[in-house]
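Structure record follows, encoded as structure tokens.
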Amino acid sequence: MKKVLVIAGLTASGKTSLSIDWAKKFNGEIINGDSQQVYRGLDIGTAKISKDEMENVPHHLIDILDYSERFHVKAFQELCREKINDITKRGLLPILVGGTGLYLKAALYDYQFEEETDQAEEYLDQSTEDLYQELLRLDPISCEKIHANNRVRIVRALNMAKQGQLKSARIASQKQEALYDVFWCVLAPNKEQIDQRIEQRVDMMFEVGLKKEVEKFFSEKECRKYQSFQAIGYKEWAPYFELNVDLATIKEKIVIHTRQFAKRQKTWFKNQLPSRFVDSLNNEDLDQVYQEVSQWLQGD
RNA sequence: GGGGGGGUAGCGAAGUGGCUAAACGCGGUUGACUGUAACUCAAUUCUCUCCGAGUUCGGCGGUUCGAAUCCGCCCCCCCCCA
């Protein structure tokens with residue numbers, strides 16, 4: 001079984017620096033596992049690693065899309081698996097680094113997606129309640145897992161049901177197994193430290209020109225419907241352009257959204273994966289995991 | 001000094017005699033998550049010995065069967081005039 005080392009974790013937990021360190025020590029290459037860092041030009045707001053910081057360690061799946069393009073799990077799954085094969089073939093260790101739990105899991109587990117067209121527009125004029133009723137007819141099992149208010153998920157399941165396979169049936173056909181020999185590290189410092197680091201990071205983003213970056217891509221109203229504009233650090237700027245809201249307020253919003261995001265990530269990793277939580281701001285714990293990873297690499 | 005507006009749960013803000021422990025939003029907490037996932041959604045958020053009880057709506061006192069809501073005095077904040 002191919003080995004894949006995963007460095008997942010909360011935003012601002014220190015994934016980037018650890019990944020460079022380990023890539024060198026374990027002779028690996030890095031695959032980005034972050035839904036927003038795939039976009040070219042969105043650098044500051046996504047806290048993307050810079051060329052310098054890479055220290056010549058090869059990075060994959062960064063800057064592969066224009067900010068106007070759409071991206072989704074299926075695409076990530078395919079690209080990521082290709083990279084894993086490629087890196088493994090060259091005798092190196094693939095290190096998957098990122099905070100998008102679903103993407104990581106979908107790439108490494110036996111999740112299956114199929115060719116499918118997006119038909120979201122079809123549902124636009126229908127109420128969420130109606131859509132839920134329809135889904136109740138077509139795929140009642142999925143309804144058990146999707147809340148009646150969760151329009152996004154309902155539309156998704158409906159779309160699948162109408163194009164052939166039921167979402168519930170597809171999930172049932174999977175074994176919930178990893179396709180690789182995976183070591184899951186989840187970097188999760190304690191809350192006080194994460195909150196503090198988030199605040200510092202956002203301050204830094206403003207200092208190094210986040211505003212310019214956002215203006216470059218999103219000052220045109222049209223651009224704000226792009227998926228990339230969903231990213232924290234970007235979407236908060238709409239009131240600045242439209243209502244002249246001051247920068248301090250924008251910044252505060254970004255900090256709050258980032259904190260909330262970190263919490264969601266933590267919940268997700270805690271309950272979706274058999275992962276090794278790492279207090280990445282604690283050197284003892286880091287040494288400890290380092291040993292564990294080394295041992296894991298030696299086994300077959 | 002005169003005139004006006006205002007003080008409601010962590011914050012913002014409704015409520016102007018009973019249906020109000022008090023709408024709603026934000027923030028907090030917990031959780032869900034298989035093609036938007038940095039998304040989307042849910043539960044919970046005065047206190048407790050928590051299926052019931054106890055304290056709340058600047059403070060004190062009063063009217064009333066009953067008050068955040070009415071009356072009196074006091075304290076604080078904002079605006080205008082002087």
Side-chain angles (χ1 to χ4, degrees), chain A residues 8-13 15 32-39 42 44-48 65 67 69-79 98-121 123 128 131-132 139 141-161 163-177 191 195 198 201-202 205 225-236 249 252-273:
Chain A
L10 321 194
T11 14
S13 60
K15 292 189 291 289
N32 163 244
D34 204 297
S35 66
Q36 302 303 322
Q37 297 195 359
V38 295
Y39 292 110
L42 307 190
I44 298 173
T46 62
K48 197 185 286 168
L65 293 179
Y67 75 118
E69 296 181 274
R70 304 243 303 152
F71 196 53
H72 52 79
V73 216
K74 178 176 160 55
F76 178 80
Q77 184 188 54
E78 286 165 6
L79 292 169
T100 309
L102 175 66
Y103 281 20
L104 303 177
K105 192 173 181 183
L108 302 178
Y109 274 61
D110 64 335
Y111 279 23
Q112 286 168 35
F113 303 105
E114 280 166 31
E115 235 27 84
E116 194 179 296
T117 48
D118 179 32
Q119 297 180 319
E121 309 79 45
Y123 309 104
T128 302
L131 293 175
Y132 190 73
D139 186 358
I141 299 177
S142 283
C143 283
E144 288 168 19
K145 275 182 84 174
I146 301 174
H147 187 97
N149 292 347
N150 201 339
R151 176 176 252 266
V152 171
R153 298 279 137 85
I154 293 170
V155 167
R156 173 91 260 279
L158 255 187
N159 200 227
M160 288 177 73
Q163 291 185 39
Q165 201 178 15
L166 298 185
K167 178 172 173 173
S168 53
R170 188 182 297 172
I171 290 174
S173 74
Q174 296 162 182
K175 292 189 204 147
Q176 302 292 328
E177 286 176 347
K191 187 169 161 38
D195 285 355
I198 286 171
R201 172 187 272 189
V202 174
M205 287 176 177
K225 59 181 194 296
Y226 295 149
Q227 194 175 322
S228 53
F229 189 65
Q230 280 185 170
I232 295 167
Y234 299 91
K235 62 180 167 200
E236 291 83 4
T249 305
E252 200 185 313
K253 276 271 185 275
I254 294 174
V255 169
I256 289 169
H257 289 166
T258 308
R259 277 204 300 256
Q260 293 172 333
F261 172 50
K263 166 59 183 162
R264 261 178 280 132
Q265 290 182 115
K266 192 174 178 185
T267 302
W268 196 92
F269 286 117
K270 192 168 71 187
N271 300 308
Q272 295 278 328
L273 291 171

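Residue numbers start from 1 in every chain, and the chains themselves are labelled A, B, ... in the order their sequence lines are given, proteins ahead of strands.
- Contact annotation for A:G99: backbone-only contact, meaning every heavy-atom pair under 4.0 Å involves sugar-phosphate atoms and none involves a base.
- Partners of A:A107 by side-chain contact (heavy atoms from CB on, under 4.5 Å), not counting sequence neighbours, listed by chain and number: A:F76, A:C80.
- Rounded to whole Å, atom C1' of B:rA37 lies 6 Å from atom OH of A:Y103.
- B:rU64 is unpaired under the Watson-Crick or G-U wobble criterion, no partner having all donor-acceptor distances under 3.5 Å.
- Atom CD1 of A:I198 is separated from atom P of B:rA38 by 14 Å (rounded to the nearest Å).
- Put simply, the side chain of A:Y39 reaches to within 4.5 Å of the side chain of A:F71, judged on heavy atoms.
- The nearest whole Å value for the distance from the CD atom in A:E252 to the P atom in B:rC26 is 15 Å.
- At whole-Å resolution of the value, CZ in A:F261 and C1' in B:rU36 are 14 Å apart.
- Checking B:rA22 for Watson-Crick or G-U wobble geometry (two distances, each under 3.5 Å) identifies no partner in any strand.
- Following rounding to the nearest Å, A:Y109 (OH) and B:rC33 (P) show an atom-to-atom distance of 14 Å.
- Distance, A:N32 CG to B:rA38 C1': 12 Å, rounded to whole Å.
- Within the shown strands, B:rU47 is the pairing partner of B:rA53 under the Watson-Crick or G-U definition, both distances less than 3.5 Å.
- For A:R70, the salt bridge (Lys or Arg N to Asp or Glu O under 4.0 Å) partners at least two apart in sequence or on another chain are A:D118.
- Across all strands, A:T258 comes closer than 4.0 Å to no nucleic acid atom at all (heavy-atom distances).
- Between the side chain of A:T128 and the main chain of A:N149, no donor-acceptor pair closer than 3.5 Å is present.
- Here the options are A:I198, A:T249, A:V202, the test is side chain to side chain contact (heavy atoms under 4.5 Å, CB included), and the partner is A:I254; only A:V202 passes.
- Using Watson-Crick or G-U wobble geometry with both donor-acceptor distances under 3.5 Å, B:rA37 finds no partner in any strand shown.
- Using atom P as the reference point in both B:rA67 and B:rG62, the two lie 12 Å apart (nearest Å).
- Residues A:S173 and A:R170 approach most closely at OG-O, 2.7 Å, considering heavy atoms.
- Of the P atoms belonging to B:rU44 and B:rC26, the separation is 16 Å, rounded to the nearest Å.
- Here A:E115 lies in heavy-atom contact (under 4.0 Å) with a base.
- Here the CD1 atom belonging to A:I154 is positioned 6.5 Å from the CD1 atom belonging to A:I146, to the nearest 0.5 angstrom.
- Regarding contacts with the backbone of B:rC39, a side-chain N or O of A:K235 is found under 4.0 angstrom from either OP1 or OP2.
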Do nucleotides 27-32 of chain B as a string where each nucleotide becomes B, S or -: B if the base has a protein heavy atom under 4.0 Å, S if just the sugar-phosphate does, - if no protein is that close. SSSSSB
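- Residues passing the salt bridge (Lys or Arg N to Asp or Glu O under 4.0 Å) test with A:K48 are A:D43, A:D63, sequence neighbours excluded.
- For the P atoms, the distance from B:rA82 to B:rG15 is 34 Å, rounded to whole Å.
- B:rC11 and B:rG58 have their P atoms separated by 13 Å, given to the nearest Å.
- When heavy atoms are screened at a 4.0 angstrom cut-off, A:T100 is found touching the sugar-phosphate backbone but no base atom.
- Here the C1' atom of nucleotide B:rU40 and the NE2 atom of A:H147 are 12 Å apart, to the nearest Å.
- Base pairing of B:rA13: no nucleotide in any strand meets the Watson-Crick or G-U wobble criterion (both distances under 3.5 Å).
- A:K167 comes within 4.0 angstrom of sugar-phosphate atoms only, judged by non-hydrogen atoms across all strands, and of no base.
- Counting non-hydrogen atoms under 4.0 angstrom, A:Q37 reaches a base of the nucleic acid.
- B:rG4 and B:rA13: their P atoms are spaced 23 Å apart (whole Å).
- Each of B:rU36, B:rA38, B:rC41 was ranked by its minimum atom distance to the side chain of A:Q36; first place goes to B:rA38.
- Between B:rU47 and B:rU55, the two P atoms lie 16 Å apart (nearest whole Å).
- A donor-acceptor contact shorter than 3.5 Å is absent between the side chain of A:Q36 and the backbone of A:T46.
- Taking side-chain N and O atoms only, A:Q265 has no distance below 4.0 Å to OP1 or OP2 of B:rA37.
- As rounded to the nearest Å, B:rG2 and B:rC73 have P atoms that lie 14 Å from one another.
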I'd like a table of atom pairs between the protein and nucleotides 11-13 of chain B - only N or O on both sides, under 3.5 Å - with the distance next to each one.
none

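- Atom C1' of B:rU69 sits at a distance of 15 Å from the matching atom of B:rA21, rounded to the whole Å.
- For A:K74, the side-chain contact (heavy atoms from CB on, under 4.5 Å) partners two or more places apart in sequence, or in a different chain, are A:H72, A:E78, A:F113, A:E115.
- Here the CZ atom belonging to A:R259 is positioned 10.5 Å from the NE2 atom belonging to A:H257, to the nearest 0.5 angstrom.
- Whole-Å rounding puts the A:R70 CZ to B:rC39 P distance at 15 Å.
- Contact annotation: A:N149 side-chain N/O to B:rC41 OP1/OP2 distance is not under 4.0 Å.
- Along RNA chain B, the nucleotide nearest to A:D110 and the one nearest to A:Y234 differ in position, and the one closer to the 5' end is contacted by A:D110.
- Listed here is the closest heavy atom pair of A:F261 and A:I232: CB-CD1, 3.6 Å.
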